[in-house]
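The structure under discussion appears below in the form of structure tokens.
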2 protein chains.
Amino acid sequence: MTLADTNSWRGIQTELLRRINEREWLPGGLVPNEADLAQEFGCARATVNRAMRELADAGLLDRRRKAGTRVALHPTSRVILDIPIIRLEVEQRGAEWRYGLVESRVTPAPLALTSRLGLPRGTEMLHVTGLHYADNRPFLHEDRWININLLPMARDADFSQVSANEWLIQHAPYTGGDIGFSAMNADARLAELLDASEGSALFVVDRITWDKDTPVTSVRLSYAPGYRMNTKI
Amino acid sequence: MTLADTNSWRGIQTELLRRINEREWLPGGLVPNEADLAQEFGCARATVNRAMRELADAGLLDRRRKAGTRVALHPTSRVILDIPIIRLEVEQRGAEWRYGLVESRVTPAPLALTSRLGLPRGTEMLHVTGLHYADNRPFLHEDRWININLLPMARDADFSQVSANEWLIQHAPYTGGDIGFSAMNADARLAELLDASEGSALFVVDRITWDKDTPVTSVRLSYAPGYRMNTKI
DNA sequence: CAGATTAATATGTGCAGACATATAAAACAA
DNA sequence: TTGTTTTATATGTCTGCACATATTAATCTG
């Protein structure tokens with residue numbers, strides 16, 4: 001071992017990582033078992049377990065009881081995206097955030113939506129659209145449908161003062177969601193709202209949020225041209 | 001406790017999740033300390049610790065020594081994207097994958113690239129471009145630069161037989177990378193290659209891979225129109 | 001030989017106890 | 001009052017041990 005050779009959980013993990021990265025342990029190859037590694041590193045088995053478990057969670061190791069631990073053959077790199085509140089995302093860029101409501105009304109949701117949400121066709125939902133600005137330039141367009149049967153107080157919320165994005169975070173617990181990322185050409189209306197030219201490529205995030213099996217909200221975020229979502233492996 | 005009331009760390013975790021989701025513990029509010037929770041659940045402190053640590057990693061709890069544990073105020077939802085080998089991604093869609101090399105040659109890298117990679121300007125790199133097909137329809141365009149100083153064997157690889165994507169996974173260890181997602185309008189060349197119309201919105205992934213501080217490869221993947229990257233929270 | 005049973009083994013999880021470490025709060029000093 | 005030192009406390013981590021569980025490998029049985 002070179003550095004971080006403390007027999008701490010982290011030290012062991014970086015050493016294991018090194019052996020994987022430098023092909024000391026070949027992809028698909030069997031790795032010594034926990035007990036042996038614990039002896040080698042002079043630590044308890046639980047410590048080795050913790051180091052290896054995280055690597056398995058990250059997809060670098062495959063572990064199975066009795067069969068042992070192997071170096072993953074196809075290390076599908078796992079990317080973690082932090083999706084922040086839009087206001088914070090803008091402010092982190094050092095820009096001033098502002099929100100402008102475009103429209104807010106209760107109306108029957110389109111069939112495509114109700115069917116995806118598993119609601120009866122024609123269900124009334126609260127449709128809120130608005131623009132988020134960064135330094136007074138359009139940053140993204142938010143097109144949202146809210147399940148008012150689940151969230152009746154949403155009827156009385158003033159979305160010209162608080163963005164639907166933040167109102168929901170404050171008031172609507174959820175247990176899971178589906179997210180999709182795609183690219184779309186701006187239609188005339190979106191182009192105008194985003195101050196872009198028609199046909200510009202927009203980065204689009206679609207998201208449906210659930211509270212157990214009940215849909216909470218469905219939103220489409222269309223970012224102004226040039227937006228880029230960054231992260232690290 | 002209702003179900004999963006075993007005093008296992010999973011059972012405890014779901015119970016903690018419930019209290020958070022149902023606002024039993026308010027956002028920003030202080031949570032009982034590990035010792036107290038351990039007593040309440042009738043388990044060891046280590047078990048509570050494990051349950052809470054994962055929730056903290058997921059961003060739902062904020063923990064600080066001495067200060068205690070609080071329910072996160074801004075639960076930035078954390079999304080995990082699995083980025084698979086392109087061949088597998090195509091095959092998982094039930095389509096037949098095929099790769100076609102467009103061009104492969106050693107040439108000085110453009111300034112924009114060398115500066116981002118921290119290489120001397122004019123450094124020679126291996127430039128490989130190719131198309132991945134799904135059922136003989138263009139699926140994505142891969143435009144890749146490989147650091148041949150780090151990977152001299154890449155010179156002799158036959159990228160008409162193996163995609164650069166897979167060759168690198170086999171031969172090039174890496175320790176980290178930067179990824180960016182964005183949307184771009186197809187230029188004439190890309191439109192033709194992807195069998196799309198000029199100006200179509202393309203979903204684009206840019207990725208630079210590092211082995212410690214040395215750049216391994218930089219790639220831009222431009223997906224054919226209609227592509228959507230999905231995941232769950 | 002084929003199928004069912006049993007044993008062996010590596011990981012998964014749990015417990016009690018100990019010490020380490022960060023840090024908020026209290027006590028103290030200038 | 002203000003800055004510094006001390007103390008108390010909650011989390012972070014490690015140990016050694018035990019038992020659970022999945023699953024392979026060996027063994028038995030018809």
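We name chains A, B, ... by the order of the sequence lines, and we start the count at 1 in each one. If you're wondering where the values come from, they're calculated on a predicted model, not measured in any experiment.
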- Nucleotide D:dT13, atom C1' - distance to CZ of A:F41 in whole Å: 17 Å

- Under a 4.0 Å heavy-atom criterion, the protein footprint on nucleotides 3-12 of chain C, written with B, S and -, is -----BBBBB

- Item | Interatomic distance, B:Q39 CD vs C:dC15 P [rounded to whole Å] | 14 Å

- Query: Is the closest basic N to carboxylate O distance between B:D135 and B:R98 below 4.0 Å?
  - Reply: no

- Item | Test item: B:T175 side-chain N/O and B:K212 main-chain N/O as donor-acceptor pair under 3.5 Å | yes

- Item | Under 3.5 Å donor-acceptor, B:N147 side chain and B:P215 backbone | yes

- Query: Is a side-chain donor or acceptor of A:D211 paired with a backbone partner of A:T214 at a separation under 3.5 angstrom?
  - Reply: no

- Item | Distance in angstrom units between B:E54 CD and D:dT11 P, rounded | 17 Å

- Query: For A:E91, does the CD atom sit with more than 12 other heavy atoms under 6.0 Å from it, leaving out its own atoms?
  - Reply: yes

Would you list the atom pairs, donor with acceptor, under 3.5 Å between side chains in residues 43-53 of chain B and any protein atom, with sequence neighbours excluded?
from, atom 1, to, atom 2, distance (Å)
B:R45, NH1, B:E34, OE1, 2.5
B:N49, ND2, B:E34, OE2, 2.8

- Item | B:T47 side chain near C:dC15 phosphate (N/O to OP1/OP2, under 4.0 Å) | yes

- Mind calculating the distance between CG (B:D62) and P (C:dA22) to the nearest angstrom? 18 Å

